Amino acid sequence: MPELPEVESVARTLWDGTPSLNDQTIIKATIPLLKVIQQPDHLRFAAEIEQCCFINLNRIGKYLLFGIESAKGIRHTLVIHLRMTGRLFLVPEHEAHQQHTRLILHLHSGLALRFDDPRGFGRVWLVDDPAKVIGSLGPDGLTISYEQFTKQLAGSKRQLKPLLLDQSLIAGIGNIYADEILFRSQLHPLIPVSSLSEEQRQRLHSTIVSVLQEAVAMQGANIDGVFKAGKFQVAVYGRNGSPCPLCGDIIIKIKVAQRGTHVCPTCQHPTS
DNA sequence: CACTCTACCTGTGCGC
DNA sequence: TGCGCACAGGTAGAGT
């Protein structure tokens with residue numbers, strides 16, 4: 001389940017790695033699962049993306065924004081969201097179509113950008129203005145300032161867990177990093193944000209940024225049996241029944257806002 | 001308006 | 001061994 005650090009890692013691999021997408025021209029699009037194309041319709045998508053060249057790549061929250069330019073110099077943005085099981089590969093043409101491949105962009109170089117997604121939840125847009133897709137996202141979690149954070153939380157009485165998962169407040173945090181952030185902040189997921197002290201609010205903000213930064217530096221998380229993007233080790237996610245690395249108490253799994261939520265009952269006391 | 005809940009999917013892992 | 005089923009979760013859109 002790629003969240004901000006894993007998506008950032010994908011972006012860096014595709015752009016800074018070898019081979020790179022930078023300056024590659026698209027010959028044609030193949031769309032084995034038509035509904036992954038969210039906008040425009042798949043026929044227009046395929047027609048418009050032909051002969052476009054990749055000129056930059058950005059990430060906001062969990063969204064990848066590929067800047068592309070047509071032969072006539074018209075700029076568009078290819079937006080891709082991997083959702084839970086999406087993956088992107090830059091591969092030789094003969095490896096372009098696998099069992100769960102949902103979109104292939106065939107490139108002039110003989111390579112192909114392959115979008116695989118077993119569950120088919122991932123989505124792709126081709127737009128003139130990316131604000132049409134990502135306009136309602138809050139500030140990116142990797143770089144959000146304390147002033148922005150405070151502003152986003154102002155007036156809310158929501159519990160911390162659903163608050164962290166709300167992409168319109170802070171972009172990029174998913175279920176795994178939400179649990180990790182709350183554990184490191186020593187805050188219980190059910191606490192209403194309105195009841196935090198100034199010190200606790202500052203601690204939560206600095207932990208959001210530091211956990212995401214650390215995970216980005218590690219190229220994402222490594223979770224036994226779930227996924228292995230990078231080397232970041234989680235302390236609580238999926239570790240229910242195991243001892244807390246800080247106090248040795250047993251980590252429990254509860255349900256908060258319909259999400260599996262992992263908590264150390266000692267370190268994250270509801271009234272702390 | 002502010003928030004909560006469900007549908008969308010399929011691979012995995014459990015119980016019987 | 002094999003079958004069936006609950007579970008996993010990000011987001012849009014429906015519901016409260």
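A, B, ... follow the sequence lines: proteins, then strands. Residue 1 opens every chain. Model, not experiment: these values are computed from the prediction. Hydrogens, waters and symmetry mates are skipped; everything else that's a heavy atom, side chains included, is used.
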Rounded interatomic separation in angstrom, taking [atom1] from [X] and [atom2] from [N]:
X: A:Gln167; N: C:dA12; atom1: CD; atom2: P; result: 9 Å
X: A:Asp116; N: B:dT10; atom1: CG; atom2: P; result: 15 Å
X: A:Leu165; N: B:dA2; atom1: CG; atom2: C1'; result: 17 Å
X: A:Asp117; N: B:dC8; atom1: CG; atom2: P; result: 17 Å
X: A:Leu164; N: C:dG9; atom1: CG; atom2: C1'; result: 16 Å
X: A:Asn240; N: C:dC7; atom1: CG; atom2: P; result: 14 Å
X: A:His81; N: C:dG10; atom1: NE2; atom2: C1'; result: 6 Å
X: A:Ile176; N: C:dG9; atom1: CD1; atom2: P; result: 7 Å

Are C:dT11 and A:Phe121 stacked, with the base six-membered ring and the side-chain ring centres under 5.5 Å apart and planes under 30°?
no

State whether [X] and [Y] are salt-bridged, where the test is any N-O pair (Lys NZ or Arg NE/NH1/NH2 against Asp/Glu carboxylate O) under 4.0 Å.
X: A:Glu8; Y: A:Arg12; result: yes
X: A:Asp140; Y: A:Arg59; result: yes
X: A:Glu69; Y: A:Arg75; result: yes

Report yes if a donor N or O on one partner sits less than 3.5 Å from an acceptor N or O on the other, where the partners are the side chain of A:Arg119 and the base of B:dG11; otherwise report no.
no

Extract from the structure each pairing of a protein N or O with an N or O of nucleotides 14-16 of chain C at less than 3.5 Å, listing the distance.
none

Side chain of A:Ser156, heavy atoms from C-beta onward: which of B:dG11, B:dC3, C:dA12 has the nearest atom to it?
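Closest of the options to the side chain of A:Ser156: B:dC3.
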
Passing candidate, side-chain contact (heavy atoms from CB on, under 4.5 Å) with A:Phe66, options A:Leu78, A:Thr77, A:Ile55:
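Only one option passes, and that is A:Leu78.
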
Relative to the ring of A:Phe54, is the ring of A:Trp15 parallel (under 30°), tilted (30 to 60°) or perpendicular (over 60°)?
perpendicular

Would you call the rings of A:His81 and A:Tyr63 parallel, tilted or perpendicular, taking 30° and 60° as the class edges?
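Correct class here is perpendicular.
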
Any side-chain to backbone donor/acceptor pair from A:Asn56 onto A:Gly67? Under 3.5 Å, distance only.
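The answer is yes, because a donor-acceptor pair under 3.5 Å joins these two groups.
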
Give a yes or no answer on whether the side chain of A:Asp179 reaches the backbone of A:Tyr237 with a donor-acceptor pair at less than 3.5 Å.
no

[X] vs [N]: side-chain N/O to OP1/OP2 distance below 4.0 Å:
X: A:Lys35; N: B:dC8; result: no
X: A:His100; N: B:dC9; result: no
X: A:Tyr237; N: C:dA8; result: no
X: A:Lys255; N: C:dC7; result: no
X: A:Thr85; N: B:dC9; result: no

If every non-hydrogen atom of A:Gln24 is compared with every non-hydrogen atom of A:Ser109, which pair is closest and at what distance?
OE1-OG, 2.5 Å

Tell me, yes or no, whether the heavy-atom count around A:His108 atom NE2, taken from other residues, nucleotides or ligands under 6.0 Å, exceeds 12.
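At most 12 heavy atoms, drawn from other residues, nucleotides or ligands, come within 6.0 Å of this atom.
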
Nucleotide N/O of nucleotides 4-6 of chain B paired with protein N/O under 3.5 Å:
unit_1, atom_1, unit_2, atom_2, d
B:dT4, OP2, A:Arg158, NE, 3.4
B:dC5, OP2, A:Gln258, NE2, 3.0

